[in-house]
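Before any comments, here is the structure.
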Amino acid sequence: MGAGRLAGRLPGELTEFVGRRAELARVRDALEGARLVTLTGPGGIGKTRLALRVASGAGRAFDDGVWLAELGGLRNPGLLVNEVARSIGLSDRSARWAVVSLADYLRARRVLLVLDQCEHLADACAVLADALLRGCPGLRILATSRHVLGVAGEVTVPVPPMTVPAVDARRSRQRSRIGALRTRRHAPGG
Ligand SMILES: Nc1ncnc2c1ncn2[C@@H]1O[C@H](COP(=O)(O)OP(=O)(O)O)[C@@H](O)[C@H]1O
Ligand SMILES: [Mg+2]
């Protein structure tokens with residue numbers, strides 16, 4: 001995680017978010033109807049960007065916060081609960097958290113938890129998600145994973161490869177024309 005960002009806070013976008021209108025709508029709809037939504041697809045397809053985009057627009061529905069647990073760097077499934085506790089601001093790395101205490105904390109709260117990159121910890125994520133969802137009625141989870149987690153009630157949204165709609169292409173051509181004009185205007189002696 002980059003310096004200057006608190007654990008669990010959603011990161012700002014460093015590049016323009018492109019397209020994905022239909023997928024954004026699909027994920028938002030899925031999250032309204034289900035308490036665990038998993039975005040699936042191969043690495044690099046755009047799962048994380050899509051999840052973060054949906055999560056950052058979902059704040060109003062979750063009074064107690066939208067939190068991101070970035071699991072890509074976590075190798076030990078035994079540390080998953082700790083990592084999630086840390087991501088919702090509960091502990092530093094040294095504290096030990098049990099699922100029941102995490103569930104106690106979340107029981108009366110309205111929280112959206114983004115579990116990003118679950119694939120290498122899929123079993124541990126499935127067990128944790130199942131326990132938390134059963135124990136915490138105000139919790140929703142948006143997960144990204146190469147494959148479905150296999151939890152009861154999970155809704156899967158497969159993420160397709162990006163297409164560039166004609167309108168986006170046209171806009172970006174316009175932008176590059178404007179950019180070229182500006183460069184010419186500001187060129188020394190030009
Ligand atoms: N809708 C999008 N608009 C702009 N860039 C995107 C979009 N989706 C993905 N990317 C970029 O493509 C790369 C891979 O996306 P990412 O969400 O990390 O994929 P995944 O999580 O499936 O591995 C990243 O650099 C990301 O910023
Ligand atoms: Mg990802």
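In each ligand, atom 1 is the first atom listed, and ligand 1 is the first ligand listed.
For G44, the closest heavy-atom approach to ligand 1 falls below 4.0 Å. The closest approach between a heavy atom of R53 and any atom of ligand 1 is not below 4.0 Å. The shortest heavy-atom distance from A51 to ligand 1 is not under 4.0 Å. Remark: distances from the non-hydrogen atoms of E16 to ligand 1 include one below 4.0 Å. Residue contact annotation: T144 has no non-hydrogen atom under 4.0 Å from ligand 1.
There is a protein heavy atom less than 4.0 angstrom from atom 10 (N) of ligand 1. Note that atom 25 (O) of ligand 1 has no protein non-hydrogen atoms nearby, at separations under 4.0 angstrom. Distance screen at 4.0 Å: atom 13 (C) of ligand 1 has no protein heavy-atom neighbour inside the cut-off.
Close contacts of ligand 1 with M162, meaning ligand atoms under 4.0 Å from a residue heavy atom, involve 1 (N), 2 (C). Below 4.0 Å from some heavy atom of G43 lie the following atoms of ligand 1, by number and element: 23 (O). Remark: ligand 1 atoms within the under-4.0 Å shell around heavy atoms of F17 are 1 (N), 3 (N). Taking every heavy atom of P42 and a limit of under 4.0 angstrom, the matching atoms of ligand 1 come to 22 (O). Within ligand 1, counting atoms from 1 as listed, the ones closer than 4.0 Å to a heavy atom of R20 are 1 (N).
Only protein N, O or S atoms were considered, and those under 2.8 Å from the Mg ion (ligand 2) are T48 OG1.
Screening L36, V111, L102, V127 for a side-chain contact (heavy atoms from CB on, under 4.5 Å) involving L132 leaves a single residue, L102.
In this structure, the side chains of L68 and S87 stay at 4.5 Å or more apart for every pair of heavy atoms.
Judged purely by atom type and a 3.5 angstrom limit, R110 uses its side chain to pair as donor or acceptor with the backbone of A61. Within the 3.5 Å criterion, the main-chain N or O of A69 finds no donor-acceptor partner in the side chain of R86. E154 places no side-chain N or O within donor-acceptor distance of the main-chain N or O of V148, the cut-off being under 3.5 Å.
Nearest heavy-atom pair, L149 versus C118, reported as atom, atom and distance to 0.1 Å: CD2-CB, 3.9 Å.
The parts of R49 lying near ligand 1 are both backbone and side chain, judged by heavy-atom distances below 4.0 Å.
A distance of 7.5 Å separates CZ of R109 from CG of L106, quoted to the nearest 0.5 Å.
Ligand 1 has an N or O atom lying under 3.5 Å from an N or O atom of V18, backbone or side chain.
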